[in-house]
Amino acid sequence: GEDVEQSLFLSVREGDSSVINCTYTDSSSTYLYWYKQEPGAGLQLLTYIFSNMDMKQDQRLTVLLNKKDKHLSLRIADTQTGDSAIYFCAEISGTGGFKTIFGAGTRLFVKA
Amino acid sequence: DTEVTQTPKHLVMGMTNKKSLKCEQHMGHRAMYWYKQKAKKPPELMFVYSYEKLSINESVPSRFSPECPNSSLLNLHLHALQPEDSALYLCASSQDWGAGGNTIYFGEGSWLTVV
């Protein structure tokens with residue numbers, strides 16, 4: 001079935017760039033998303049990219065999409081301690097009844 | 001304003017209790033969702049309502065009973081729960097359901113502990 005995979009953990013120093021990677025299997029995905037979840041909170045939509053785009057930039061966030069390899073990445077520039085959270089990659093699966101399929105989440109730890 | 005509000009934020013209930021979780025959105029969205037999230041796991045879809053009708057039930061046990069009184073409100077009625085049902089319950093909404101571009105917006109969640 002449809003699957004979204006992410007590495008589980010990333011540690012960076014404050015001020016460095018963070019890159020969180022994600023791979024997905026459904027080639028019919030139309031939208032791909034990044035959500036952020038801070039401890040004790042719900043999921044906050046960070047950004048999304050339409051499948052006919054290669055890149056989207058929004059302030060410190062850059063999303064890159066390689067549709068051929070089904071690879072999505074989120075780059076956070078000048079990472080701050082407030083960026084420490086779990087980041088979920090997600091896709092709307094056309095073959096999955098248009099359900100949103102989530103990855104397992106990448107826990108980002110930012111060291112001061 | 002992309003806001004989904006959930007109440008209560010925390011709930012402790014016994015296994016014989018009956019309680020409800022409530023969710024409200026005023027974005028004019030026509031699809032609403034309940035998700036369950038265990039610690040260190042992604043959210044798991046439970047129910048989808050589209051235009052106030054139940055569209056998806058992901059084989060959720062009947063001790064969880066959803067209700068959509070109108071397009072802005074979604075409830076989750078809880079009865080005879082088990083300790084393993086303790087989790088974060090997330091409500092969400094999207095403009096529509098059943099097409100490719102329906103971005104889901106989440107509430108802050110209700111933390112449920114079953115004792």
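Labels below follow one simple rule: chain letters A, B, ... track the order of the sequence lines, proteins then strands, and each chain is numbered from 1.
Other residues, nucleotides and ligands place no more than 12 heavy atoms under 6.0 Å from the NZ atom of B/Lys19. Enclosure of atom CE in A/Met53 by more than 12 non-hydrogen atoms of other residues, nucleotides or ligands within 6.0 angstrom is indicated. Counting non-hydrogen atoms of neighbouring residues, nucleotides and ligands closer than 6.0 angstrom, the NZ atom of A/Lys111 exceeds 12 such neighbours. The number of heavy atoms from other shown groups lying within 6.0 Å of NZ (B/Lys41) does not exceed 12. More than 12 non-hydrogen atoms from other residues, nucleotides or ligands lie less than 6.0 angstrom from CD of B/Gln82.
B/Leu54 and B/Met46 end up in the same hydrophobic cluster when Ile, Leu, Val, Met, Phe, Trp and Tyr side chains are linked at under 4.5 Å. Placement of B/Trp34 and B/Val48 in two distinct hydrophobic clusters is found when ILVMFWY residues are connected by side-chain heavy-atom separations under 4.5 Å, directly or transitively. Linking Ile, Leu, Val, Met, Phe, Trp and Tyr residues whenever their side-chain heavy atoms come within less than 4.5 Å places A/Leu32 and A/Phe50 in a single cluster. Under the 4.5 Å side-chain heavy-atom criterion for ILVMFWY residues, no single connected hydrophobic cluster contains both A/Leu64 and A/Tyr87. Each of B/Phe47 and B/Tyr35 belongs to its own hydrophobic cluster when Ile, Leu, Val, Met, Phe, Trp and Tyr are linked at side-chain heavy-atom distances under 4.5 angstrom.
When heavy atoms are compared at a cutoff of 4.5 Å, B/Tyr33 does not approach chain A at all. With a 4.5 angstrom heavy-atom cutoff, B/Glu44 does not touch chain A via any of its atoms. If you measure heavy-atom distances from B/Leu90 to chain A, the contacts under 4.5 Å come from the side chain alone. For A/Ile86, no part sits under 4.5 Å from any heavy atom of chain B, backbone or side chain.
A 4.5 Å side-chain heavy-atom check between B/Leu88 and A/Gln37 finds at least one atom pair inside the cut-off. Considering only heavy atoms from C-beta on, B/Ile104 comes within 4.5 Å of A/Tyr35 through its side chain.
Highest contact tally toward chain A, considering only B/Gly109, B/Pro43, B/Gly107, is held by B/Pro43 [criterion: heavy-atom pairs under 4.5 Å]. Highest contact tally toward chain B, considering only A/Gly105, A/Gly103, A/Ala90, is held by A/Gly103 [criterion: heavy-atom pairs under 4.5 Å].
The structure places CG of A/Leu8 at 10.5 Å from NZ of B/Lys40, a figure rounded to the nearest 0.5 Å. The line from CZ of B/Phe106 to OG1 of A/Thr100 is 7.0 Å long, rounded to the nearest 0.5 Å. In this structure, OG1 in B/Thr103 is found 3.0 Å from OH in A/Tyr33, a value given to the nearest 0.5 Å. Distance check, rounded to the nearest 0.5 Å: NZ of A/Lys99 to CH2 of B/Trp97 gives 7.0 Å.
In this structure, B/Pro42 and A/Phe88 approach most closely via the heavy-atom pair CA-CE2, 3.5 Å. For the pair B/Glu108 and A/Ala41, the tightest heavy-atom approach, listed with the atom from each and the gap, is OE1-CB, 3.4 Å.
At a heavy-atom cut-off of under 4.5 Å, chain A is reached by no residue from residues 64-71 of chain B.
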